[in-house]
Amino acid sequence: MSKLRVAVLGAKGRIGSEAVRAVEAADDMELVGALGRGDKLESLVDSGAQVVVELTTPASVMGNLDFCVRHGIHAVVGTTGWTDERLAQLNTSLAASPETGVLIAPNFSIGAVLTMTFAQQAARYFESVEVVELHHPGKADAPSGTATRTAQLIAAARAEAGLGTQPDATLTALDGARGADVDGVPVHAVRLRGLLAHQEVLLGGEGETLTIRHDSLHHSSFMPGILLGVRRVTSAPGLTFGLEHFLDLG
Ligand SMILES: NC(=O)c1ccc[n+]([C@@H]2O[C@H](COP(=O)([O-])OP(=O)(O)OC[C@H]3O[C@@H](n4cnc5c(N)ncnc54)[C@H](O)[C@@H]3O)[C@@H](O)[C@H]2O)c1
Ligand SMILES: O=C(O)C1=N[C@H](C(=O)O)CCC1
């Protein structure tokens with residue numbers, strides 16, 4: 001069977017360099033490109049790349065995806081910074097290239113995907129919920145894409161269950177002390193040397209609390225999800241948001 005021709009964008013970055021090694025080590029894939037900032041996207045076409053793994057920056061991702069979609073190259077995207085406007089723009093590009101698939105995964109690690117699923121399940125049963133994400137100090141964005149997505153899923157579950165605003169008697173607060181408000185869910189971002197990517201979802205009800213915690217200790221935690229995404233995206237035209245859609249979570 002012929003191997004999938006895969007290229008990595010952001011190949012010199014923290015996660016991109018790990019992805020290059022993972023693609024090279026996969027028996028069913030051939031690494032046909034490892035592009036960094038300033039490299040010409042045309043080389044993706046020349047090398048016959050079928051799937052691009054996009055791990056760059058929020059400032060670069062839209063241009064890179066526009067190129068890929070226009071050339072019918074599928075994409076697996078880990079880069080953060082997704083807003084409704086950006087997703088709408090991407091959907092417009094995809095409409096003109098209906099056979100092309102793009103997977104955007106706020107987090108490729110199975111534990112983080114499960115954290116989001118568990119938090120979504122638990123949200124309806126607790127009056128209070130806050131998200132704390134903790135990352136390495138080199139991270140450019142806050143809050144993390146994972147925390148933002150987690151808070152959005154929690155907020156949707158609360159709304160569906162008819163839960164109102166959370167109890168909070170705060171009258172005065174220093175700017176930022178209560179975190180960022182993501183659809184009514186406070187999200188707190190910690191940046192600390194020694195950390196990689198971690199998240200806690202704290203839920204509270206009368207007389208009890210539940211804490212759901214996940215820790216990514218190495219970038220290798222993201223690789224099985226990236227490889228799964230590469231294998232699946234070629235037969236998933238259009239936009240898929242979240243790796244959970246490619247997992248059988250029951
Ligand atoms: N979804 C996930 O599971 C997951 C996991 C880790 C990181 N991330 C995200 O991936 C992104 C990268 O994270 P990082 O820690 O590797 O950052 P990083 O800064 O270490 O790497 C980004 C790399 O992209 C390069 N780059 C920038 N513009 C480019 C372009 N136009 N073409 C090619 N390369 C370009 C930069 O030079 C840099 O080497 C961030 O948005 C981060 O949040 C996602
Ligand atoms: O290290 C990063 O940067 C990460 N970014 C993603 C996010 O913002 O959620 C995933 C976790 C690691």
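Numbering of ligands and ligand atoms starts at 1, following listing order. Sequence positions, counted from 1, serve as the residue numbers for this chain. Computed from a prediction, not measured in an experiment: that's the story for all the values here.
Interface atoms of ligand 2 facing Gly145, defined by a heavy-atom separation under 4.0 Å, are 7 (C), 8 (O), 9 (O). Of all atoms in ligand 2, numbered sequentially from 1 with element shown, those under 4.0 Å from a heavy atom of Ala197 are 11 (C), 12 (C). Numbered from 1 in the order shown, with element, the atoms of ligand 2 that lie under 4.0 Å from a heavy atom of His136 read 1 (O), 2 (C), 3 (O). For ligand 2 and Ser144, the ligand atoms under 4.0 Å from any heavy atom of the residue are 7 (C), 8 (O), 9 (O). Below 4.0 Å from some heavy atom of Ser60 lie the following atoms of ligand 1, by number and element: 27 (C), 28 (N), 29 (C), 30 (C), 31 (N). Within the listing of ligand 2, atoms 7 (C), 9 (O), 10 (C) sit less than 4.0 angstrom from a heavy atom of Thr146. Those atoms of ligand 1 that come under 4.0 Å of a heavy atom in Lys139, given as number and element, are 43 (O). Near Asn107, with a cut-off below 4.0 Å to any heavy atom, the atoms of ligand 2 are 10 (C), 11 (C).
Closest approach of Ala173 to Arg178, counting heavy atoms only: CB-CG, 4.4 Å. Among all heavy-atom pairs drawn from Val20 and Ala11, the shortest one is CG2-CB, 3.8 Å. The two residues Phe246 and Leu103 make their nearest non-hydrogen contact at CE1-CD2, 3.9 Å.
Between Phe108 and ligand 1, at least one N/O pair is under 3.5 Å apart. When only interatomic distances are considered, the shortest N/O to N/O separation between His219 and ligand 1 does not fall below 3.5 Å. For ligand 1, one of its N or O atoms has an N or O atom of Arg14 under 3.5 Å away. Below 3.5 Å of separation, one finds no N or O of Ser109 facing any N or O of ligand 1. In terms of polar-atom proximity, defined here as any N/O pair under 3.5 Å, Lys12 makes no such contact with ligand 1.
Among Lys139, His135, Arg149, the residue whose heavy atom sits closest to atom 8 (O) of ligand 2 is Lys139. Within the set Gly36, Gly229, Gly38, the minimum heavy-atom distance to atom 33 (C) of ligand 1 is found for Gly36. Here atom 41 (O) of ligand 1 lies nearest to Thr80 when heavy atoms of Leu9, Thr146, Thr80 are compared. Across Gly16, Ser221, Gly10, heavy-atom proximity to atom 25 (C) of ligand 1 is greatest for Gly10. Looking at Gly13, Gly225, Ala11, it is Gly13 that brings a heavy atom closest to atom 21 (O) of ligand 1.
Here the protein heavy atom with the shortest distance to atom 44 (C) of ligand 1 is Gly78 O, 3.0 Å. The nearest heavy-atom contact from the protein to atom 36 (C) of ligand 1 is Arg37 NH2, 4.0 Å. Looking at atom 16 (O) of ligand 1, its nearest protein heavy atom turns out to be Ile15 N, 3.0 Å.
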List the steps, then state whether side-chain hydrogen bond (donor to acceptor under 3.5 Å, both in side chains) holds for Glu54 with Thr56. CA-CA 6 Å; Glu54 217 291 350; Thr56 64; 2.7 Å; yes
Steps toward side-chain hydrogen bond (donor to acceptor under 3.5 Å, both in side chains) verdict (Gln199, Thr150): CA-CA 10 Å; Gln199 176 164 287; Thr150 306; 2.9 Å; yes
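Salt-bridge annotation for Lys139 and Asp141: present, with a side-chain N of the basic residue lying under 4.0 Å from a carboxylate O of the acidic one. We find that Arg213 and Asp215 are joined by a salt bridge, their nearest charged nitrogen and carboxylate oxygen being less than 4.0 Å apart. By the 4.0 Å N-to-carboxylate-O rule, Arg21 lies too far from Glu24 to be salt-bridged with it. The existence of a salt bridge linking Asp183 and Arg158 is excluded, since no basic side-chain nitrogen approaches an acidic carboxylate oxygen closer than 4.0 Å.
In this structure the side chain of Met29 never reaches within 4.5 angstrom of the side chain of Lys3, judged on heavy atoms. At least one side-chain heavy atom of Val51 sits under 4.5 Å from a side-chain heavy atom of Val76.
Counting heavy atoms closer than 4.0 Å to ligand 1, residue Pro106 contributes backbone atoms (N, CA, C, O) but none from C-beta onward. Only the backbone of Ala105 comes within contact range of ligand 1, with a heavy atom under 4.0 Å; no side-chain atom does. Under 4.0 Å from ligand 1, not a single heavy atom of Asp39 appears. Contacts between Ala140 and ligand 2, counted as non-hydrogen atom pairs separated by less than 4.0 Å, are absent for every part of the residue.
Not a single heavy atom of Glu133 sits under 4.0 Å from any atom of ligand 2. Heavy-atom separations between Gly145 and ligand 1 are all 4.0 Å or longer.
Both Phe222 and Leu247 sit in one connected hydrophobic cluster of ILVMFWY residues. Membership requires side-chain heavy atoms under 4.5 Å apart, directly or through other members.
The closest side-chain donor-acceptor pair between Ser221 and Ser109, if any, does not fall under 3.5 angstrom. Side-chain polar atoms of His198 and Glu200 form no donor-acceptor pair below 3.5 angstrom.
Across Leu44, Val32, Leu31, a single residue satisfies side-chain contact (heavy atoms from CB on, under 4.5 Å) together with Arg5, and that is Val32.
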